[in-house]
> 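Got a structure for you, written out below as structure tokens; questions coming shortly.
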Amino acid sequence: MLDMRPQVDVPQAQRGRPFTLAEAVASGLTRRMLQGRRFRRVARDVYVCVAEPLDHGILCRAACRADPHAVLSQASAVLAYTLPLGVREPQPWLPHLTTPVGLPPVDRRGAICHVERIPPWQVTQTTLGPATSPARTFIDRAAALRLEDLVALGDARLWRQLVSHEELFAVVQWGVGRRGIVRARQAVPLLDGRAESSMESWTRVILALAELPPPEVGADIHDENGTWLATADLVWRRAKLIVEYDGRVHLSERQRRIDAQRHHLLVAQGWTILHVTADEVLRRPWAVVALVRDCLAVANAA
């Protein structure tokens with residue numbers, strides 16, 4: 001059927017972002033126009049142009065426009081900082097919102113809502129909207145993530161310099177009695193901001209849980225003349241043992257040759273190098289632990 005309703009150009013201010021009903025009216029749009037085919041309602045009195053791709057990010061922005069008291073939290077806060085979710089955790093579709101205790105109820109359909117205490121020092125502005133701070137998000141996620149994923153999340157925050165050990169320790173002390181706080185307290189001493197990937201963090205945690213000696217993380221290796229040879233993921237310097245997470249599947253041929261040359265140089269200097277994969281770390285962690293334990297035992301017996 002032919003659509004006889006008048007077409008209207010979308011005002012520039014309303015393109016590329018969610019906008020409220022009040023903003024739409026102020027720019028010349030009417031409620032009837034908003035009900036047409038060119039716009040989509042995505043939250044209470046919040047709209048987007050239908051040409052905009054509807055994804056988690058734009059739903060987060062819309063939810064924050066609909067409720068100015070709410071902040072992004074949980075997995076949505078993690079994504080707002082472009083940090084990793086849990087290794088097996090699916091990306092959420094609906095945004096997670098947390099509102100302070102004691103506010104009147106608001107229509108928050110289209111969001112997963114939480115009601116908790118949120119001191120002002122635990123809120124940070126992000127590109128998606130206000131979100132729980134990196135430190136607060138860390139303890140919020142502790143109840144939902146296993147220890148390995150929580151450490152990976154904390155490592156990523158430290159590596160990106162979004163938070164310090166002191167800030168994490170302070171928020172863990174503040175959160176006494178919360179769900180997951182025991183896991184958060186267990187994770188903080190295991191954090192290391194030199195880890196560059198979730199799988200590196202996972203590897204370090206499974207070795208720590210097996211009570212193996214802690215390695216140096218992201219350590220530089222030099223020969224006897226002080227010449228730099230490589231920077232390795234996990235290093236036991238006295239045992240001359242290196243554990244590398246092998247997750248780089250799209251390396252150029254040139255980079256593969258460079259890595260092979262460095263490998264040969266390290267072996268010539270007496271280093272043992274173990275390469276572990278995501279499949280081994282996730283599916284056979286006991287095998288990784290046994291291999292590292294055996295190599296350390298051989299080195300200590302020599």
Side-chain angles (χ1 to χ4, degrees), residues 1-86 88-118 120 122-134 136-137 140-141 143-145 153 162:
M1 182 177 178
L2 184 62
D3 187 359
M4 300 300 293
R5 288 174 295 185
Q7 297 297 310
V8 61
D9 288 333
V10 179
Q12 187 65 36
Q14 274 35 290
R15 297 177 185 175
R17 67 178 184 87
F19 54 91
T20 65
L21 174 61
E23 290 171 334
V25 171
S27 65
L29 298 176
T30 66
R31 289 177 180 269
R32 183 172 181 178
M33 291 173 181
L34 292 174
Q35 294 170 359
R37 297 180 180 179
R38 305 192 67 186
F39 302 99
R40 177 188 289 121
R41 182 178 179 270
V42 289
R44 180 177 57 89
D45 290 339
V46 178
Y47 301 82
V48 295
C49 301
V50 293
E52 297 300 326
L54 200 59
D55 57 19
H56 182 73
I58 205 156
L59 291 177
C60 285
R61 292 187 181 96
C64 291
R65 300 303 308 276
D67 186 352
H69 300 293
V71 299
L72 300 172
S73 61
Q74 297 291 338
S76 295
V78 173
L79 295 173
Y81 295 110
T82 63
L83 291 169
L85 296 173
R88 296 188 179 95
E89 184 178 19
Q91 180 162 322
W93 174 249
L94 295 179
H96 285 263
L97 292 180
T98 294
T99 52
V101 175
L103 291 180
V106 175
D107 179 4
R108 300 190 186 96
R109 285 174 291 182
I112 301 170
C113 301
H114 313 267
V115 178
E116 296 188 39
R117 289 186 297 147
I118 312 178
Q122 293 179 4
V123 178
T124 304
Q125 288 294 328
T126 74
T127 57
L128 299 186
T132 51
S133 68
R136 171 61 187 267
T137 306
D140 284 349
R141 298 293 285 152
L145 297 177
L153 181 62
L162 295 174

> Measure the shortest side-chain to side-chain distance between H56 and S76 over non-hydrogen atoms and say whether it is less than 4.5 angstrom.
yes
> Salt-bridge test for R40 and E52: reply yes if a basic N is under 4.0 Å from a carboxylate O, no otherwise.
no
> For residues Y81 and T127, determine if any side-chain heavy atom of one lies less than 4.5 Å from a side-chain heavy atom of the other.
no
> Decide yes or no on side chain to side chain contact (heavy atoms under 4.5 Å, CB included) for R117 and Q122, but give the supporting numbers first.
CA-CA 10 Å; R117 289 186 297 147; Q122 293 179 4; over 6 Å; no
> Which heavy atom in V48 sits nearest to a heavy atom in F19, and how many Å separate them?
CA-CE2, 4.0 Å
> List the atom of P130, the atom of A70, and the distance in Å for their closest heavy-atom pair.
CG-O, 3.8 Å
> Is any side-chain heavy atom of R141 less than 4.5 Å from a side-chain heavy atom of L153?
yes
> Is V71 close to L97 at the side-chain level, that is, under 4.5 Å between some pair of heavy atoms?
no
> Within the side chain of R44, is there an N or O that forms a donor-acceptor pair under 3.5 Å with the backbone of A66?
yes
> Please work out which of the three classes, parallel, tilted or perpendicular, describes the rings of H114 and H96, given edges at 30° and 60°.
parallel
> Measure the CD1-CG distance between I58 and L128 for me, rounded to the nearest 0.5 Å.
10.0 Å
> Would you say that L85 contacts P92 through its side chain, given a criterion of any heavy-atom pair below 4.5 Å between the two side chains?
yes
> Roughly how far, to the nearest 0.5 Å, is the SG atom of C64 from the CD atom of Q125?
8.5 Å
> Answer yes or no: is there a donor N or O on one side and an acceptor on the other, between the side chain of Q35 and the main chain of R32, under 3.5 Å?
no
> I'd like to know if the side chain of T137 and the backbone of T132 have a donor-acceptor N/O pair within less than 3.5 Å.
yes
> Under 4.5 Å between any side-chain heavy atoms of E116 and D140, yes or no?
yes
> Can any side-chain N or O of T82 pair as donor or acceptor with the backbone N or O of L79 at less than 3.5 Å?
no
> If you take all heavy atoms of F39 and L34, which pair is closest and at what distance?
CB-O, 3.6 Å
> Which heavy-atom pair separates P18 from V46 by the least distance, and what is that distance?
CB-CG1, 3.7 Å
> Hey, does V115 have a side-chain heavy atom less than 4.5 Å from the side chain of T98?
no
> Which heavy atom in A62 sits nearest to a heavy atom in A43, and how many Å separate them?
O-CB, 3.9 Å
> Which atom names give the shortest non-hydrogen contact between I118 and P100, and what distance separates them?
CD1-N, 4.4 Å
> Between T20 and Y47, is a side chain to side chain contact (heavy atoms under 4.5 Å, CB included) present by the stated rule, with each step listed?
CA-CA 6 Å; T20 65; Y47 301 82; over 6 Å; no
> Going by heavy atoms in the side chains, are L59 and V42 under 4.5 Å from each other?
yes
